[in-house]
Amino acid sequence: MEKEQPRLLCSRLFLKNRLVEVALNRSVLAWKETEKSRRRRSGFSSLSDTAHSQAAQVYEIVAVHEAEDNDTKRKDKRVTGLYPHAFTVAYVKRTAQHQWRCSDVTFRCASQTLCEQWIQVINEQLSLLTNRPKSLLVYINPYGGKRRGKHIYEQKVAPLFRRACISADVIVTERANHARDHLKTEANLDKYDGVVCVGGDGMFSEVLHGLVTRTQADRGVDQSDPDAELVPCDLRIGIIPAGSTDCICFATVGTIDPVTSALHVIVGDSQPMDVCSAHHNDTFLKYSVSLLGYGFYGDVLTDSERKRWLGPARYDLSGAKIFLNHNHYEGTVSFLPAEHNIGNPRDKLLCRSGCHVCLHKHSSKEKQRGMLEEKEASDKGDSGGWSVIHGKFVAINAASMSCACPRSPQGLSPSAHLADGTTDLILVRECSRLDFFKHLLRHTNKDDQFDHPFVEVHRVTKFRFQPRHQQLVSLEDLSETQKKADFSPVCSCQTTCSSDGRAHSSWSCDGEILHHAAIQVSVQCRLIRLFARGIEEQQQQQQQQQQPSCVFEDPCAPRAPQSITHCAD
């Protein structure tokens, strides 16, 4: 049992027209109505007499400041006369659907000294929270989603940052990859405690690529080397959702609410995340944190890119078209299964805040020994533990997170984890259109979507894919060749054909198309950190919102009801 923390302060103050006892220790600020105040109120029910105290976790206090009495109601004049000084505490309050709001509580004091002391002591406790950012670099995409990124930031986010005394340098992007290029070459990252992107998943991808590339360049790591162990980024990334798709924000916070995301930044939350690096031979292609999809999802993205004028509806139209065409693709999938890992893709262990699967981390010695053994096996021509599967596939998906969204509450892989150093490789073999429809339907309910004979899933640390034809041509080169030859693709659904006539698809990488079908993917464990804490379960939220009566029971301190109580450690 944990030792109770001593109270730092305890006073009887006024809250609205009620006398309350307010107590502070290093973890919690709590207040409850006094018995004297309850007895004075006529018609007070017995249920109200036993009302619980209210509380705010210290690390979720946004700010504290002296209150300004601009308009005092007539009924409060007697109270303000006896308690003329006041301070306001702004703190995080949870509402429905994982949303947070900034709530205010104002306490009135009898003396200026008492008021100032409360403000000083609370601020001292906040100053000890070294994980909180003080300076941020903010990128705003003014074109994403419904073009409301700038408005969302200025109206909902910036006022909260100012209240928490966070300075922000804001850059409104003017072109595609503006944020990526600025982070790679120009930004003075030593000035900041974090980078915030206001936009959708595409904007996050820009910031991710810019920050990771800059970190590797500064540390002398060649990211073009498929076997390179990348250096984790020092700065955290915040996501203020303002795009047409905000899947990454949804998977790490549980909602796509800008105020909630801003509050996660303010309190300094930190959620590590795995990042997949995709290569073609020795050429670096892209980083991915959510979905790498070949076949069905690659075809949907390729087709939808030609219908951008339709807005978000283009995904529904393209999805229906690709489903009806029902293509499959032949190739070889090789993967390195995750070893010494707790959990598997079908264990129904959801990744939530404080996830014990993600907290389980191999020691550096074990990791180095594993890499050495793999290299030695490769040098000897051994498979080194790699599994190889040949076949025809409707879809090949690698999910590094659940990929849940409002339309798919469970996601593509419900038990995938954000920071366990693995990705879930989902292989959907050639099957009938009806069977594939049954598989897709499982994404919308809670049934086991892997419970089909044509579907298999593996938790892996690396994988490779090679289409059947050996001499691959990149999609860009093929496109140019087709234009010069003045003919259209033989294959339907925007798939690309090689010179020998065998069709292949393309990869969708977090909503962007990769221009090579043959790729090698490695999971970089905990390469980045977000201003997030993972999705909180209802029980976790209740614990955070609990009203601890122990704050008022301090055995080491004498009772001093009308004054401040100081406690020694």
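Just so it is clear, the structure is predicted and the values come from calculations on it, not from any experiment. Computed from heavy atoms alone, side chains included, the values below leave out hydrogens, waters and symmetry copies. Residue numbers count from 1 along this sequence.
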Worksheet item: When you look at Tyr315 and Lys307, which way does the side chain to side chain contact (heavy atoms under 4.5 Å, CB included) test go after all the steps?
Response: CA-CA 9 Å; Tyr315 296 113; Lys307 300 179 175 65; over 6 Å; no
Discussion item. Is there a side-chain contact between Thr252 and Ile535 in this structure, where contact means two heavy atoms from C-beta onward sitting under 4.5 Å apart?
Written reply: no
Worksheet item: Does any non-hydrogen side-chain atom of His279 lie less than 4.5 Å from one of Ser522?
Response: no
Worksheet item: Is it true that a side-chain atom of Ser205 and a backbone atom of Asp201 form a donor plus acceptor pair closer than 3.5 Å?
Response: no
Fill in: Reported CZ-to-CD distance for the pair Arg94 and Glu536, which is rounded to 0.5 angstrom
4.5 Å
Fill in: Pairing of Glu60 and Arg533 as salt bridge, 4.0 angstrom limit
yes
Practice prompt. Would you check if Tyr153 and Val196 make a side-chain contact, meaning some heavy-atom pair closer than 4.5 Å?
Written response: no
Response to the item:
Here the gap from Leu136 atom CG to Tyr192 atom OH, rounded to the nearest 0.5 Å, amounts to 9.5 Å
Worksheet item: Applying salt bridge (Lys or Arg N to Asp or Glu O under 4.0 Å), which residue pairs with at least one partner in residues 164-181 are found, sequence neighbours left out?
Response: Asp169-Lys191, Arg175-Asp181
Fill in: Heavy-atom pair with the smallest gap, counting every atom of Leu514 and Ala278
CD1-CB, 4.2 Å
Item to complete: Measure up the His182 and Tyr139 rings against each other and bin them: parallel (under 30°), tilted (30 to 60°), perpendicular (over 60°).
Response: perpendicular
Practice prompt. Look up atom NE2 in His356 and atom CG in Leu359, then write down how far apart they are to the nearest 0.5 Å.
Written response: 9.0 Å
Worksheet entry | Arg214 side chain vs Leu183 backbone, donor-acceptor pair below 3.5 Å | yes
Worksheet item: Would a 4.5 Å heavy-atom cut-off, applied to side chains only, mark Arg429 and Glu456 as touching?
Response: yes
Item to complete: Could you go through the side chain to side chain contact (heavy atoms under 4.5 Å, CB included) check for Leu126 and Leu129 one step at a time?
Response: CA-CA 5 Å; Leu126 295 183; Leu129 303 174; 4.1 Å; yes
Practice prompt. For Gln520 and Asn281, indicate whether the former's side chain and the latter's backbone hold a donor-acceptor pair under 3.5 Å.
Written response: no
Worksheet, complete the sentence: Nearest heavy-atom contact between Leu211 and Leu235 is CD2-O, 3.7 Å
Item to complete: Tell me, with the steps shown, if Asp234 and Arg219 meet salt bridge (charged side-chain N to carboxylate O under 4.0 Å, His left out).
Response: CA-CA 12 Å; Asp234 293 328; Arg219 302 295 181 86; 3.1 Å; yes
Worksheet item: Would Glu512 and Lys286 pass as an ion pair if we require N to O under 4.0 Å?
Response: yes
Practice prompt. For the pair Phe465 and Trp507, name the ring-plane relationship: parallel under 30°, tilted 30 to 60°, perpendicular over 60°.
Written response: perpendicular
Worksheet item: How far apart are the C-alpha atoms of Leu427 and Val455, what are their side-chain angles, what is the distance that settles it, and do they pass the side chain to side chain contact (heavy atoms under 4.5 Å, CB included) test?
Response: CA-CA 6 Å; Leu427 307 178; Val455 178; over 6 Å; no
Worksheet item: Regarding Ser505 and Asp299, is there a side-chain donor-to-acceptor distance under 3.5 Å anywhere?
Response: yes
Item to complete: With His264 as reference, evaluate Tyr59, Trp100, Phe531 under the ring-ring contact (aromatic ring centres under 6.0 Å, His included) test and give the passing residue.
Response: Trp100
Worksheet item: Do Ser290 and Cys247 have side-chain heavy atoms sitting under 4.5 Å apart?
Response: no
Discussion item. I'd like to know if Asp269 pairs up with Arg529 as an ion pair, taking the criterion as any Lys NZ or Arg NE/NH1/NH2 lying under 4.0 Å from an Asp or Glu carboxylate oxygen.
Written reply: no
Worksheet item: Atom CG of Asp193 and atom CD1 of Ile166: how far apart are they, to the nearest 0.5 Å?
Response: 9.0 Å
Worksheet item: Which heavy atom of Cys509 sits nearest a heavy atom of Leu292, and at what distance?
Response: CB-CD2, 3.7 Å
Discussion item. Could you walk me through whether Ser224 and Asp282 satisfy the side chain to side chain contact (heavy atoms under 4.5 Å, CB included) test, starting with their C-alpha distance in whole Å, then the side-chain angles of each, then the deciding distance to 0.1 Å, before giving a yes or no?
Written reply: CA-CA 6 Å; Ser224 296; Asp282 291 330; 5.8 Å; no
Worksheet item: Is there a side-chain contact between Val198 and Asn141, using heavy atoms and a 4.5 Å cut-off?
Response: no
Worksheet item: Just checking, is any N or O donor in the side chain of Gln223 or Tyr287 under 3.5 Å from an acceptor N or O on the other one?
Response: yes
Worksheet item: Would Phe335 and His458 count as a close aromatic pair, with their ring centres under 6.0 Å?
Response: yes
Worksheet, complete the sentence: Of all heavy-atom pairs linking Ser508 and Leu301, the shortest is OG-CD2, 3.4 Å
Item to complete: Not counting sequence neighbours, which residues clear ring pair (Phe, Tyr, Trp, His ring centres under 6.0 Å) with His328? List them please.
Response: none
Practice prompt. Ignoring hydrogens and angles, tell me if any N or O in the side chain of Thr173 forms a donor-acceptor pair with the backbone of Ile140 under 3.5 Å.
Written response: yes
Worksheet item: Is it true that a side-chain atom of Asp347 and a backbone atom of Leu349 form a donor plus acceptor pair closer than 3.5 Å?
Response: yes
Worksheet item: Quick one: does Asp246's side chain have a donor or acceptor within less than 3.5 Å of a partner on Ile256's backbone?
Response: no
Worksheet, complete the sentence: side-chain contact (heavy atoms from CB on, under 4.5 Å) with Val253: of Ile248, Leu263, Thr260, Leu530, only one passes, and it is Thr260
Worksheet item: Salt bridge or not for Arg526 and Asp274, using N-O below 4.0 Å?
Response: no
Worksheet item: Are Arg459 and Asp424 close enough for a salt bridge, meaning some N to O gap below 4.0 Å?
Response: yes
Worksheet item: Between the side chain of Ser167 and the main-chain N/O of Lys134, is any donor-acceptor distance below 3.5 Å?
Response: yes
Worksheet item: So which heavy atom on Pro258 is nearest to which on Pro241, and how close?
Response: CG-O, 3.8 Å
Discussion item. Do Asp257 and Thr255 pair up side chain to side chain, a donor and an acceptor below 3.5 Å, judged on atom types alone?
Written reply: no
Item to complete: If the plane angle is over 60° it's perpendicular, under 30° parallel, otherwise tilted; pick one for His439 and His443.
Response: perpendicular
Discussion item. For Asp222, is the CG atom crowded, meaning more than 12 foreign heavy atoms sit under 6.0 Å from it?
Written reply: yes
Worksheet item: Is there a side-chain contact between Ile528 and Val212, using heavy atoms and a 4.5 Å cut-off?
Response: yes
Worksheet item: Between Val388 and Thr332, is any pair of side-chain heavy atoms under 4.5 Å apart?
Response: yes
Worksheet item: So how far is it from Leu527 CG to Cys525 SG, rounded to the nearest 0.5 Å?
Response: 9.5 Å
Worksheet item: Can you name the closest pair of heavy atoms from His417 and Cys351 and give their distance?
Response: ND1-CB, 3.4 Å
Discussion item. As an exercise, state the distance from CZ of Arg236 to OG of Ser270, rounded to the nearest 0.5 Å.
Written reply: 5.0 Å
Discussion item. Under a plain distance cut-off of 3.5 Å, with no hydrogens placed, do Arg101 and Gln99 share a side-chain donor-acceptor pair?
Written reply: yes
